[in-house]
> 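Handing you a structure now.
All ligand and atom numbering here is 1-based and tracks the order in the structure. Position 1 is the first residue of the sequence, and the numbers go up from there.
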Amino acid sequence: MAIAPEIDARVAQLRAELDQHNYNYYALDRPVISDAEYDGLFRELQSLEQQHPELVTADSPTQRVGTEPLAQFAQVTHRTPMLSLGNAFADDEIAAFDKRVREGLDADAVEYAAEPKFDGLAISLIYVDGRLATAATRGDGYTGEDVTANLRTLRAIPLKLRTTKAPEMLEVRGEVLMLRADFERMNQRQRELGEREFVNPRNAAAGSLRQLDPRITATRRLAFYAYGTGAAVDPELRKHSQLLDRLSELGFPVTAERAVVKGVEGMLGYYGAIGARRAKLPFDIDGVVYKVNDLSAQNTLGFVSRAPRYAIAHKFPAEEATTVVEGIDIQVGRTGALTPVARLKPVFVGGVTVTNATLHNEDEVRRKDVRIGDTVVVRRAGDVIPEVARVMLDKRPAQTVQFELPKCCPICNSEVHRAADEAIARCSAGLFCPAQRKQALLHFASRRAMDVEGLGDKLVEQLVESKLVHTPADLYKLGVVKLAALERMAEKSAANVVAAIEKSKHTTLARFIYALGIRNVGESTAQDLARHFGNIERVAAAGVEALQQVQDVGPVVAQSIADFFSEPHNREVVEQLLAAGVSFEETAARQIDTENPVYGKTFVLTGALPTLTRDEAAQKIRDQGGKVSGSVSKKTDFVVAGADAGSKLEKARELHVAILDEAGLLKLLES
Ligand code: IVH
């Protein structure tokens with residue numbers, strides 16, 4: 001069926017607008033619309049593409065959601081090797097570098113392009129005819145890993161170049177990193193989920209990028225900054241600084257922190273200036289890079305062993321300081337995880353005063369053998385989380401004792417359990433433990449959950465200590481009088497909190513499920529559950545089997561959900577919340593008919609179907625409670641085969657699995 005021209009035009013316009021907004025946000029750092037407005041445009045495009053799948057193109061902004069997981073990363077051989085940089089720490093090493101350059105060029109004073117040295121991961125992006133074709137990690141410099149599927153999900157990376165005269169081939173190199181603010185947000189979420197936190201933004205970026213499942217990468221906000229090109233450079237460009245300007249025009253984020261400087265004085269001036277602002281930059285850097293600005297001069301200088309002669313990294317000294325461990329406290333998180341934290345004599349390191357440092361877990365404390373009274377070296381790893389780097393054993397006072405994690409929860413005295421395969425020990429008391437209760441309440445009230453404004457740390461602490469609130473349901477029983485009786489609580493603010501609690505009653509099922517704080521259930525799982533089951537009673541009643549029918553819910557998550565609802569106390573809280581008047585906006589939920597022939601069945605899709613894309617077919621199956629798997633086994637119920645189906649079809653025949661074509665599938669879905 002022909003597409004109406006106005007739909008075609010709207011789709012094109014939405015794509016152009018979304019690309020422009022990505023560019024404004026990531027490359028220009030000047031967003032002109034809110035995230036919500038962006039999401040609105042995005043959803044409109046998504047819905048048009050769903051109605052007219054033939055309009056979907058590989059470079060549509062909707063294609064950044066991530067494809068099915070990979071079995072492993074393929075290898076990519078770099079067309080020109082991705083080399084490393086020589087390092088310098090001291091000023092005289094920079095003077096020696098400049099001298100070598102001047103001698104090599106037979107010049108008096110040399111112009112340098114100075115840039116931050118991003119503390120992320122080096123990436124090569126290959127554009128063929130203006131479209132992103134391959135993205136690869138640096139690897140050993142000669143061969144890297146193909147991370148195209150993951151990199152495509154980054155809104156900072158253009159899927160097509162912003163030009164009408166794209167070169168046949170362009171290789172852009174730069175650094176993928178996570179902005180500090182995004183890192184903080186992500187760790188906050190990890191904490192709320194009771195999951196492991198990332199040590200620093202660099203690790204978080206690396207972990208996000210090296211996911212075999214691009215859909216996970218898509219949920220992490222990663223930034224990218226271009227700092228050069230590999231193969232194929234425009235011969236018209238004379239300077240590195242112009243090259244970066246060009247990359248910016250082509251749609252790549254290029255940092256505004258760069259400068260063009262002259263001679264040793266210029267380089268050291270830049271180093272000092274950036275160093276002074278380092279703590280205020282939105283991302284971590286571990287030094288600066290100087291590059292001879294003239295591109296033909298770069299060529300003249302060439303390379304020595306594995307590093308260019310025309311560039312050098314001027315690193316910042318590691319930020320460390322020594323201090324004394326005054327105590328080791330145990331924090332209890334929302335899921336009961338016990339985290340040892342070193343209480344430190346305040347020390348200034350990396351631009352901030354550090355008073356405590358996480359020791360992560362029991363094994364980590366043992367490995368470093370940190371004891372109360374020890375003098376330790378504290379490091380601000382990646383400039384973010386202060387860490388105890390090592391103990392200065394020669395300064396250890398007599399009679400220290402090895403750290404032992406308590407056998408009982410320091411807050412509620414309940415037993416502490418540690419599973420054999422886990423590094424984390426947990427308090428076994430669940431919500432009976434006041435520490436877990438506080439964290440659970442904070443999570444319940446948090447912005448992305450029930451969004452109760454004004455219910456912060458201090459107030460929750462007071463509410464729990466005063467025994468006014470035991471469970472989230474108790475929040476809805478609070479009145480102004482009870483609240484105003486609390487210390488430091490004026491009647492006006494009490495009234496505001498009560499109003500905010502009242503307002504939170506009108507929510508969505510997804511937020512409500514997320515707010516319950518079920519282990520392993522984050523926002524997106526909560527949304528999937530809401531969509532799949534449509535109401536909370538169904539979620540609570542679902543067994544592990546039924547739960548696993550939900551998109552992306554595997555055995556571990558399913559078990560967590562089932563465990564949560566098998567606890568009578570939890571069911572009671574849910575009932576009380578509903579009785580208190582918590583109600584849900586209509587979710588787009590479809591009630592799944594569990595009698596339909598697709599429900600609970602496992603499908604494998606192979607080959608090209610005549611009208612449906614693979615994703616659409618999979619969605620239709622999932623919508624009716626079926627599962628879609630990547631490989632054929634004895635557990636497969638149906639193989640849906642299209643044109644050019646290969647080994648999966650053969651395997652299906654071998655195992656006598658039912659084989660359908662698209663028409664057969666559609667019939668099954670309708671019956
Ligand atoms: S230019 C020939 N510029 O540093 C080498 N590299 O040791 C060209 N890096 O892993 C590299 N910021 O990813 C260059 N502004 C910058 C950089 C930068 C960080 C990283 C790079 C590589 C390492 C080189």
Side-chain angles (χ1 to χ4, degrees), residues 76 78-89 93-94 97 100-101 112-125 135-145 147 151 154 156-157 171-179 200-203 205-206 209-210 222-233 239-245 247-248 252-261 267 270-271 273-275 278 281-295 297-316 382-383:
V76 176
H78 298 301
R79 288 159 212 232
T80 30
M82 293 180 81
L83 302 177
S84 52
L85 288 167
N87 280 338
F89 285 93
E93 290 173 272
I94 300 304
F97 162 71
R100 285 195 303 276
V101 167
Y112 295 96
E115 298 163 9
K117 185 170 191 299
F118 304 102
D119 197 7
L121 295 107
I123 290 291
S124 147
L125 303 171
T137 61
R138 176 166 178 265
D140 63 4
Y142 298 94
T143 14
E145 284 177 329
V147 284
L151 265 290
L154 268 63
I157 292 181
E171 180 181 359
V172 176
R173 289 181 178 177
E175 201 91 345
V176 165
L177 45 86
M178 191 178 278
L179 298 187
N200 58 38
R202 188 182 184 286
N203 283 10
L209 203 64
R210 294 210 65 260
L222 293 173
F224 174 80
Y225 288 99
Y227 55 61
T229 52
V233 195
K239 309 230 163 171
H240 177 77
S241 48
Q242 294 170 343
L243 175 69
L244 294 190
D245 293 341
L247 290 181
S248 172
F252 297 93
V254 173
T255 180
E257 298 291 338
R258 64 204 164 104
V260 174
V261 298
M267 290 189 274
Y270 176 82
Y271 180 80
I274 280 261
R278 182 179 177 193
L281 296 178
F283 43 72
D284 283 355
I285 63 174
D286 55 352
V288 301
V289 183
Y290 312 122
K291 301 168 183 173
V292 170
N293 201 19
D294 189 294
L295 294 173
Q298 286 192 359
N299 243 335
T300 310
L301 288 163
F303 297 83
V304 54
S305 73
R306 298 196 56 200
R309 269 203 202 87
Y310 58 80
I312 195 163
H314 192 178
K315 303 275 279 257
F316 292 133
D383 269 354

> Could you check whether any heavy atom of Gly120 sits closer than 4.0 Å to an atom of ligand 1, since that is the contact criterion I want to use?
no
> Do the side chain of Ser241 and the main chain of Ala113 share a donor and acceptor less than 3.5 angstrom apart?
no
> State which residue, out of Tyr310, Tyr290, Tyr112, fulfils the ring-ring contact (aromatic ring centres under 6.0 Å, His included) condition with Phe97.
Tyr112
> Give yes if a backbone or side-chain nitrogen or oxygen of Val289 is under 3.5 Å from a nitrogen or oxygen of ligand 1, and no if not.
no
> What residue and atom, counting heavy atoms only, is the protein's closest point to atom 8 (C) of ligand 1, and at what distance?
Leu85 CD2, 4.3 Å
> With salt bridge (charged side-chain N to carboxylate O under 4.0 Å, His left out) as the criterion, how do Lys239 and Asp245 come out once you've worked through the C-alpha distance, each side chain's angles and the decisive distance to 0.1 Å?
CA-CA 10 Å; Lys239 309 230 163 171; Asp245 293 341; over 6 Å; no
> Only heavy atoms of Ser84, strictly under 4.0 Å: list the atoms of ligand 1 that pass.
7 (O), 24 (C)
> Under the side chain to side chain contact (heavy atoms under 4.5 Å, CB included) rule, what do Arg202 and Leu177 come out as? Steps first, then yes or no, please.
CA-CA 6 Å; Arg202 188 182 184 286; Leu177 45 86; over 6 Å; no
> For atom 21 (C) of ligand 1, tell me which residue out of Tyr227, Phe118, Tyr225 has the closest non-hydrogen atom.
Tyr227
> Can you pull out the closest protein heavy atom to atom 15 (N) of ligand 1? Residue, atom name and distance to 0.1 Å, please.
Glu115 OE1, 2.8 Å
> May I ask you to identify the nearest protein heavy atom to atom 9 (N) of ligand 1, giving residue, atom name and distance to one decimal place in Å?
Glu175 OE1, 3.7 Å
> Please list the nearest protein heavy atom to atom 4 (O) of ligand 1 with its residue and the distance rounded to 0.1 Å.
Lys117 NZ, 3.3 Å
> What protein heavy atom is closest to atom 5 (C) of ligand 1, reported as residue, atom name and distance in Å?
Leu83 O, 3.6 Å
> Return the closest protein heavy atom for atom 3 (N) of ligand 1 as residue, atom name and distance.
Lys291 NZ, 2.9 Å
> For ligand 1, which atoms, with element, lie under 4.0 Å from some heavy atom of Pro308?
2 (C)
> Return the residue, atom name and 0.1 Å-rounded distance of the protein heavy atom closest to atom 10 (O) of ligand 1.
Ala122 CB, 3.7 Å
